[in-house]
There are 2 protein chains.
Amino acid sequence: MEDLTEMLKGTLEGCVLEIISTEETYGYAITRRLNDLGFTDVIDGTVYTILLRLERNGLVQVTKRPSELGPPRKFYALNDAGRRELATFWAKWQYVSTRIDRLRKGGR
Amino acid sequence: MEDLTEMLKGTLEGCVLEIISTEETYGYAITRRLNDLGFTDVIDGTVYTILLRLERNGLVQVTKRPSELGPPRKFYALNDAGRRELATFWAKWQYVSTRIDRLRKGGR
DNA sequence: TCCGGTACCTCGTACCACTGAGTACCACTA
DNA sequence: TAGTGGTACTCAGTGGTACGAGGTACCGGA
């Protein structure tokens, strides 16, 4: 599937939050996780900008750890504000997706 | 539900296409239809920019008709290109929404 | 005659994903 | 030891999209 970028606006950040919430992980791994999920065109640069935004907005806790095979990694974990943000993201997603599905099926 | 604007990026245009596909209608009515669907914060200015974009991209056929209660209306109907665009929109939506739901439920 | 509802348009802004270039660390190899 | 490829992060700039605020205009009723 190609050219999903516009449709991912507003949702990709939530996806990253969700991934971080399940396990403490780092940018490069998050990118591959998203690619494995089917978002094959999402590149690392995009993920890093999201992570920097999350950090700037105080939604994550960052821990730098050395790696066996490369430069040190920045591990991300959600804090309380991040968990709240994730909850509101899923609430919004639920709201929007049900309504769009309803529209698709000709409902009102 | 408030502040859905980021999440609606890339999907609102598809919603408008879907609405037009079911019946030939005009901007003001489309706005109210979207509001009734639950997208209460979508304003007419947004819908008109979308409609102008659809027209510029050659996805719709436009017919101006007088109204009994106000200025003339511009009625929009999908052409073949518009129907193709709508089909790819739903394909993208299916693709993205199933994968996000999968992520939500902890799958891979 | 003014006001509210209908109907359309436009300019500027903010936000977000994306791009591309750069930096840097490490292991392997020719 | 120089080169290559994979890992890992940063940042400035771009383009697309929804939105806010304002304007124009038509109509009927108080």
Side-chain angles (χ1 to χ4, degrees), chain A residues 1-17 25-35 39-57 59-60 62-76 85 89 92 96 100, chain B residues 1-17 24-35 37 39-57 59-60 62-76 85 89 92 96 100:
Chain A
M1 184 65 57
E2 55 189 44
D3 209 16
L4 302 175
T5 91
E6 288 307 325
M7 201 172 279
L8 289 179
K9 287 193 178 172
T11 63
L12 204 51
E13 178 178 313
C15 292
V16 170
L17 282 172
T25 182
Y26 57 98
Y28 198 78
I30 293 170
T31 306
R32 284 178 308 190
R33 178 91 171 85
L34 287 168
N35 295 150
F39 304 120
T40 52
D41 289 349
V42 174
I43 58 173
D44 56 355
T46 298
V47 175
Y48 289 120
T49 55
I50 291 174
L51 290 172
L52 290 173
R53 189 165 67 235
L54 294 179
E55 189 177 358
R56 199 170 58 241
N57 294 349
L59 303 175
V60 289
V62 187
T63 314
K64 205 164 193 173
R65 297 211 190 95
S67 163
E68 321 83 51
L69 40 80
R73 299 165 172 165
K74 285 176 72 176
F75 282 81
Y76 293 83
E85 182 69 21
F89 165 72
K92 284 186 191 178
V96 169
I100 289 180
Chain B
M1 185 64 57
E2 55 189 45
D3 210 17
L4 303 174
T5 90
E6 290 306 327
M7 200 172 279
L8 289 179
K9 287 190 178 175
T11 62
L12 206 50
E13 179 177 313
C15 292
V16 171
L17 283 171
E24 195 182 30
T25 182
Y26 56 99
Y28 196 78
I30 293 169
T31 306
R32 285 180 308 190
R33 178 93 170 85
L34 287 167
N35 294 151
L37 276 166
F39 304 121
T40 53
D41 289 348
V42 174
I43 59 174
D44 57 354
T46 299
V47 175
Y48 288 119
T49 53
I50 292 173
L51 289 172
L52 289 173
R53 187 164 70 234
L54 294 179
E55 189 177 357
R56 198 171 60 241
N57 295 348
L59 303 176
V60 289
V62 188
T63 314
K64 204 166 193 173
R65 298 210 190 96
S67 164
E68 320 81 50
L69 40 80
R73 300 164 173 166
K74 285 176 71 176
F75 282 82
Y76 293 82
E85 183 68 20
F89 165 72
K92 283 186 191 178
V96 169
I100 289 181

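Because the structure is a prediction, the values reported are computed rather than measured. Here is how names work: the chains are called A, B, and so on, in the same order as the sequence lines, proteins then strands, and each is numbered from 1. Values below: all heavy atoms of this structure, side chains included; hydrogens, waters and symmetry mates excluded.
- For the pair F39(A) and L8(A), the minimum side-chain heavy-atom distance is below 4.5 Å.
- Here the shortest heavy-atom pairing between D3(B) and K92(A) reads O-NZ, 3.0 Å.
- Computed from coordinates, the R56(A) CZ to dC16(C) P distance equals 9 Å when rounded to whole Å.
- The residue among P71(A) and A29(B) whose nearest nucleotide of DNA chain C lies closer to the 5′ end is A29(B).
- The separation between L69(B) atom CG and dC3(C) atom C1' is 16 Å, rounded to whole Å.
- Across the protein-nucleic acid pair, E55(B) atom CD and dC8(C) atom P stand 12 Å apart, rounded to whole Å.
- The side chain of K74(B) contributes an N or O atom lying less than 4.0 Å from OP1 or OP2 of dC9(C).
- Between G10(A) and E68(A), the one whose closest nucleotide on DNA chain C sits nearer the 5' end is G10(A).
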>> What verdict does the side chain to side chain contact (heavy atoms under 4.5 Å, CB included) test give for L4(A) and M1(A), after you've listed the backbone C-alpha separation in whole Å, the side-chain angles of each residue and the deciding distance to 0.1 Å?
In response: CA-CA 7 Å; L4(A) 302 175; M1(A) 184 65 57; 3.3 Å; yes

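- K64(A) is not listed as a side-chain neighbour of R73(A), based on a closest heavy-atom distance of 4.5 Å or more.
- Here E24(B) pairs with R65(B) in a salt bridge; the nearest charged N to carboxylate O distance falls below 4.0 Å.
- Here the side chains of L51(B) and Y76(B) are in contact, with some heavy-atom distance below 4.5 Å.
- Put simply, CG on L4(A) is 14 Å from P on dT17(D), counting in whole angstrom units.
- Scanning all heavy atoms of the two residues, the minimum distance from Y26(B) to K74(B) falls at CB-O, 3.1 Å.
- Taking atom CZ on R73(B) and atom P on dG5(C), their separation rounds to 16 Å, with Å as the unit.
- The separation between E6(B) atom CD and dG15(D) atom P is 19 Å, rounded to whole Å.
- In terms of polar N and O atoms assigned as donor or acceptor, the side chain of K9(A) never comes within less than 3.5 Å of the base of dC15(C) in a complementary pairing.
- A close approach under 4.0 Å does not occur between any side-chain nitrogen or oxygen of S67(B) and OP1 or OP2 of dT6(C).
- The stretch residues 41-52 of chain A comes close to DNA chain D through Y48(A), L52(A), each having a heavy atom under 4.0 Å from the strand.
- Rounded to an integer number of Å, the gap from OH of Y26(A) to P of dT10(D) is 14 Å.
- What separates CZ of R53(A) from P of dC11(D) is a distance of 15 Å, to the nearest Å.
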